[in-house]
Amino acid sequence: MTIFTDVKCSPGDLTRVELEACYARTLVNPFSINMTRGLPSSEQLALATDFLFLPGRASFISRNGVDWRNYGCLQGLPEVRALFSETLLGLPTDQVVIAENSSLALMYEALGYAFRYGVPCQNEPWSQVATPKFLCPVPGYDRHFAICDAYQIEMVPVPMLDTGPDMDIVERLVLADPSIKGMWCVPKYNNPCGSTYSPDTVRRLASLPTAASDFVLFWDNAYAVHHLTDDEVSNQPIAQLCEAAGYANRVFIFASTSKIVLPSAGLAFFGASPANIEWFLRHRKSRTIGPDKTNQLRHLLFFGDRQGVVAHMRKHRVLLEPKFKRLEDELSAGFSGVESVTWTRPKGGYFVSLNLPEGCATRVVELALVAGLALTPAGATYPGGIDPYDSNIRLAPSYLDIETLGAAAQILVLCVLLTLAEKNISQL
Ligand code: PMP
């Protein structure tokens with residue numbers, strides 16, 4: 001299907017009247033396309049069908065003598081920690097805890113301990129601070145902002161550059177304000193830009209002088225192995241750099257297998273310094289006798305070894321890469337000659353970030369919705385859902401089949417061009 005039927009020129013050259021005519025045609029039979037979130041597609045979920053038949057009748061006694069069927073093993077089966085600790089967290093096995101299925105839940109939990117008890121070697125619970133604050137690189141991930149909202153943490157936006165968060169601003173803020181207790185970081189193939197922090201950014205984050213002695217980086221490595229090209233970015237050694245800088249306890253690393261096997265049956269990981277791990281397990285012990293080791297064993301049997309994880313991620317790439325290519329092709333064709341619209345070209349992860357002239361994002365999302373395309377709401381990539389420039393939209397190509405994605409991208413292009421025309425914004 002094509003939105004720009006009978007259009008002989010590039011869509012960017014259409015007049016407002018012509019764009020309105022194209023838009024009116026889409027309203028005759030509105031689409032019903034949902035592109036709001038980065039869900040794996042059903043083909044991706046099907047890659048894990050065999051996973052659902054495990055562990056079957058497997059007989060397995062863990063290296064530490066734990067019978068996986070029973071209570072216990074709070075830190076997680078050592079064999080399963082060994083399978084994922086280096087690959088997902090860049091840490092040795094004993095510096096990793098396996099929890100339940102969601103890393104977001106673990107972030108929420110770690111914050112809860114910091115609020116109630118304070119972080120290791122510090123006595124002041126964060127709940128005692130009048131206005132605890134977190135730095136939030138923007139555009140960023142709405143569910144991180146939701147966690148801050150839940151704890152009434154004030155969010156301080158920091159602009160994202162191609163190299164990661166603007167470190168000059170970060171350094172200035174954390175040095176001046178002891179109530180800045182933490183910072184959200186999605187260091188690799190981040191949500192929504194798809195970019196990766198540069199080695200210099202990571203080094204500066206590890207060695208930041210901060211006014212708060214209990215400042216923590218919430219290092220969400222959600223896309224550790226989610227490559228889309230042969231230029232596979234390796235894990236940044238954040239824990240090692242923090243330790244070398246004298247801040248061994250500065251970082252909490254999170255990851256999960258949600259987008260490796262199944263979002264509803266993954267494993268979530270917490271990785272940190274030995275003191276942080278002891279702290280986390282000490283508090284976690286009051287919460288559970290042990291996590292779901294049946295699911296841990298299922299992961300071990302399904303993947304076998306680290307190579308098994310790599311091979312499985314290649315299958316995801318085969319399904320995802322053509323979708324990112326299709327989106328890229330549609331955007332480059334649709335916005336050819338339109339210099340005021342830019343977007344990211346990620347080498348991994350699940351998202352593309354679209355940047356429009358100031359004041360356009362809400363209108364584009366509105367127009368698209370009327371035409372039957374639900375996009376991530378404008379503002380979602382900013383704390384409080386408010387993008388001060390109203391210019392950013394997160395695009396999530398993973399879930400749709402390629403043809404539907406092509407149609408979605410064309411509707412998007414049309415809605416953007418129409419918005420620029422309505423607002424008399426020059427395309428250059
Ligand atoms: N962090 C980021 C940056 C994400 O994009 C996502 C998934 N969209 C998550 C965390 C969710 O992780 P989990 O499924 O482990 O809770």
Side-chain angles (χ1 to χ4, degrees), residues 34-41 44-45 48 76 80 84 87-89 96-112 134-148 150 155 160 164-165 182-197 217-228 233 235-236 238 251-271 291-292 295-296 299 309 313 316 320 324 344 346-353 375-377 380-383 392 394-399:
N34 189 329
M35 205 182 173
T36 52
R37 302 222 66 98
L39 303 176
S41 65
Q44 286 178 269
L45 301 180
V80 184
F84 291 111
T87 320
L88 298 189
L89 303 112
V96 170
V97 175
I98 312 178
E100 291 75 31
N101 73 310
S102 160
S103 61
L104 281 169
L106 266 184
M107 296 170 213
Y108 193 94
E109 181 178 335
L111 256 180
F134 259 52
L135 298 187
C136 299
V138 290
Y141 182 36
D142 56 355
R143 294 199 187 272
H144 289 161
F145 307 151
I147 294 177
C148 280
M155 291 175 261
M160 280 289 280
M183 175 172 176
W184 292 111
C185 297
V186 185
K188 187 161 162 182
Y189 305 144
N190 54 53
N191 179 349
C193 302
S195 60
T196 294
Y197 294 7
L217 299 167
F218 277 61
W219 198 259
D220 179 355
N221 210 17
Y223 299 105
V225 287
H226 303 62
H227 313 290
L228 290 168
V233 174
N235 277 324
Q236 296 103 326
I238 183 66
V251 65
F252 293 170
I253 307 181
F254 302 92
S256 79
T257 62
S258 289
K259 286 178 172 172
I260 297 176
V261 274
L262 296 172
S264 83
L267 294 175
F269 302 88
F270 173 82
D292 175 355
N295 196 26
Q296 295 181 16
H299 277 71
V309 179
M313 291 315 292
H316 281 292
L320 283 171
F324 279 79
T344 55
K347 291 183 180 169
Y350 268 64
F351 301 100
V352 169
S353 180
L375 293 165
T376 304
T381 52
Y382 281 75
N392 183 255
R394 182 182 79 167
L395 305 179
S398 56
Y399 188 71

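Whatever order the structure lists ligands and atoms in, that order sets their numbers, starting from 1.
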*Please say which of F270, W219, Y108 ends up in a ring-ring contact (aromatic ring centres under 6.0 Å, His included) with F252.*
F270
*asked:* Using the ring centroid of each side chain, check whether Y189 and H227 are separated by less than 6.0 Å.
replied: yes
*Partners of T196 by side-chain hydrogen bond (donor to acceptor under 3.5 Å, both in side chains), sequence neighbours excluded?*
none
*Summary of salt bridge (Lys or Arg N to Asp or Glu O under 4.0 Å) pairs that have at least one residue in residues 96-110, sequence neighbours excluded*: E100-R284, E100-R287, E109-R284, E109-R287
*ligand 1: protein residues within heavy-atom distance under 4.0 Å*: S102, S103, L104, Y141, V186, N191, D220, A222, Y223, S256, S258, K259
*So, do F145 and Y382 have ring centers that fall under 6.0 Å from each other?*
no
_Just to verify, what does S353 make a side-chain hydrogen bond (donor to acceptor under 3.5 Å, both in side chains) with, not counting sequence neighbours?_
N392
